[in-house]
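This report refers to the structure that appears directly beneath it.
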Amino acid sequence: MTSEGGARLGRQAAYRLAQLDCCVIEAGLTEAEFARIEHEYGFEFADDHRAFLAVGLRVHEPREEEPGASYAWEGPWPDWRNGDPDQLRQQLNWPVDCLLEDVQGGHWHPAGDERPGSIEAAVDLARTQLARVPKMIPVYAHRFLPAGHGTFGHPVLSMWGCDIIQYGTDLLDYPGPSVAKAGHPESPSCSGATTFEHPPQTTLE
């Protein structure tokens with residue numbers, strides 16, 4: 001059962017986004033659809049995220065490409081109803097895959113334990129530590145909320161490898177799907193994240 005506070009926050013966020021008239025909104029996900037999605041992909045939506053999607057399912061609307069602009073994600077809204085399962089899994093795996101690629105490239109958070117001597121050992125340790133934290137679920141492109149039934153009110157995080165920043169104090173505060181045009185490649189690739197300018201919320205211990 002979804003908590004009332006989480007349900008209220010998710011509904012308010014959905015109504016706020018609808019007022020922006022920025023995307024196509026289909027009928028919200030049903031209980032049967034939530035059960036299928038969570039079983040198939042192995043996670044549970046946080047209460048506010050679940051309520052957000054129950055009000056309406058945002059889907060990608062074809063956009064007019066702007067000359068010289070590069071887009072972070074070709075289809076930023078995860079289509080939990082009709083989306084390609086491989087693409088959804090790629091988006092679900094994005095935070096861990098990108099961070100591990102950065103670790104392989106030499107990055108290591110200074111708050112963690114001493115980095116192992118070999119690249120393989122460093123990646124293995126990072127993977128072990130990341131397996132202990134909540135799975136991150138895409139809201140839009142590389143903006144994520146933690147999974148977890150019975151939880152709500154988490155910050156919305158932009159996650160690109162080691163470059164992790166807060167995009168909103170919670171789902172209601174999230175400013176909407178402003179398309180990233182900061183030079184990230186149009187097709188998803190983790191190679192754009194190269195700094196620790198914004199430390200991750202979860203450190204490698």
Taking every heavy atom of Ala51 against every heavy atom of Gly6, the minimum-distance pair comes out as CB-O, 4.2 Å
Do Glu101 and Asp97 pass the side-chain contact (heavy atoms from CB on, under 4.5 Å) test, and can you show the C-alpha distance, the side-chain angles, and the key distance before you say yes or no? CA-CA 6 Å; Glu101 187 170 313; Asp97 288 348; over 6 Å; no
Determine the minimum heavy-atom distance between Tyr41 and Lys135, stating which atoms define it. O-CE, 4.3 Å
For the atom pair CE (Met136) and CG (Leu157), what is the distance rounded to the nearest 0.5 Å? 5.0 Å
Which atom of Ala126 lies closest to which atom of Val103, heavy atoms considered: CB-CG2, 4.2 Å
Asp124: partners by side-chain hydrogen bond (donor to acceptor under 3.5 Å, both in side chains), with sequence neighbours left out: Arg127
Taking all non-hydrogen atoms of both residues into account, name the closest pair between Asp48 and Leu171 and its distance. O-CD2, 3.8 Å
Quick one: salt bridge (charged side-chain N to carboxylate O under 4.0 Å, His left out) pairs with a partner in residues 22-32, sequence neighbours left out? Glu26-Arg81, Glu31-Arg50
Does some side-chain heavy atom of Leu92 sit less than 4.5 Å from a side-chain heavy atom of Ile137? yes
Identify the two heavy atoms, one from Ala122 and one from Trp108, that lie closest to each other, and give their separation to 0.1 Å. O-CZ3, 3.6 Å
Test: ring pair (Phe, Tyr, Trp, His ring centres under 6.0 Å). Region: residues 111-138. Which pairs qualify, not counting sequence neighbours? none
Is any side-chain heavy atom of Cys23 less than 4.5 Å from a side-chain heavy atom of Ile25? yes
Which value, rounded to the nearest 0.5 Å, describes the distance between His154 atom NE2 and Phe144 atom CZ? 15.0 Å
Which residues pass the side chain to side chain contact (heavy atoms under 4.5 Å, CB included) test with Asn82, not counting sequence neighbours? Asp79
Holding to side chain to side chain contact (heavy atoms under 4.5 Å, CB included), I want the full list of residues that pass it with Thr30, two or more places apart in sequence or in another chain. Ala32, Glu33
With Ser158 via side-chain hydrogen bond (donor to acceptor under 3.5 Å, both in side chains) - residues at least two apart: none
Start with the C-alpha distance between Leu100 and Leu130, add both sets of side-chain angles, then the distance that settles side-chain contact (heavy atoms from CB on, under 4.5 Å), and finish with yes or no. CA-CA 9 Å; Leu100 292 179; Leu130 290 169; 4.1 Å; yes
Pairing residues for Phe45 by the ring pair (Phe, Tyr, Trp, His ring centres under 6.0 Å) criterion, not counting sequence neighbours: Phe34, Phe43, His49, Trp80
Pairing residues for Thr169 by the side-chain hydrogen bond (donor to acceptor under 3.5 Å, both in side chains) criterion, not counting sequence neighbours: Asp173
Hey, are the side chains of Ile165 and Trp160 touching, using non-hydrogen atoms and a 4.5 Å cut-off? no
Side chain Gln91, main chain Pro138, donor-acceptor under 3.5 Å: no
Suppose clustering is done on Ile, Leu, Val, Met, Phe, Trp and Tyr with side-chain heavy atoms closer than 4.5 Å. Which residues sit in the same group as Val55? Tyr15
Hydrophobic cluster identity match, Leu29 and Val59, side-chain contacts under 4.5 Å: yes
As a quick check of understanding, evaluate side-chain contact (heavy atoms from CB on, under 4.5 Å) for Leu172 and Phe52, giving each step before the final call. CA-CA 10 Å; Leu172 180 59; Phe52 178 78; over 6 Å; no
What heavy-atom pair brings Pro146 and Ala46 nearest, and what distance separates the two atoms? O-CB, 3.6 Å
Applying side chain to side chain contact (heavy atoms under 4.5 Å, CB included) to Ala121 and not counting sequence neighbours gives Pro116, Ser118
Any residue meeting side-chain hydrogen bond (donor to acceptor under 3.5 Å, both in side chains) with Arg36, in chain and number order, not counting sequence neighbours: Glu40
Would the distance check show the side chain of Trp94 and the main-chain N or O of Met159 forming a donor-acceptor pair, the cut-off being under 3.5 Å? yes
Measure from the side-chain N and O atoms of Asp102 to the backbone N and O of His107, and report whether any donor-acceptor pair falls under 3.5 Å. no
Once side chain to side chain contact (heavy atoms under 4.5 Å, CB included) is applied, do any residues pair with Arg8, and if so which ones, sequence neighbours excluded? Glu4, Arg11, Gln12
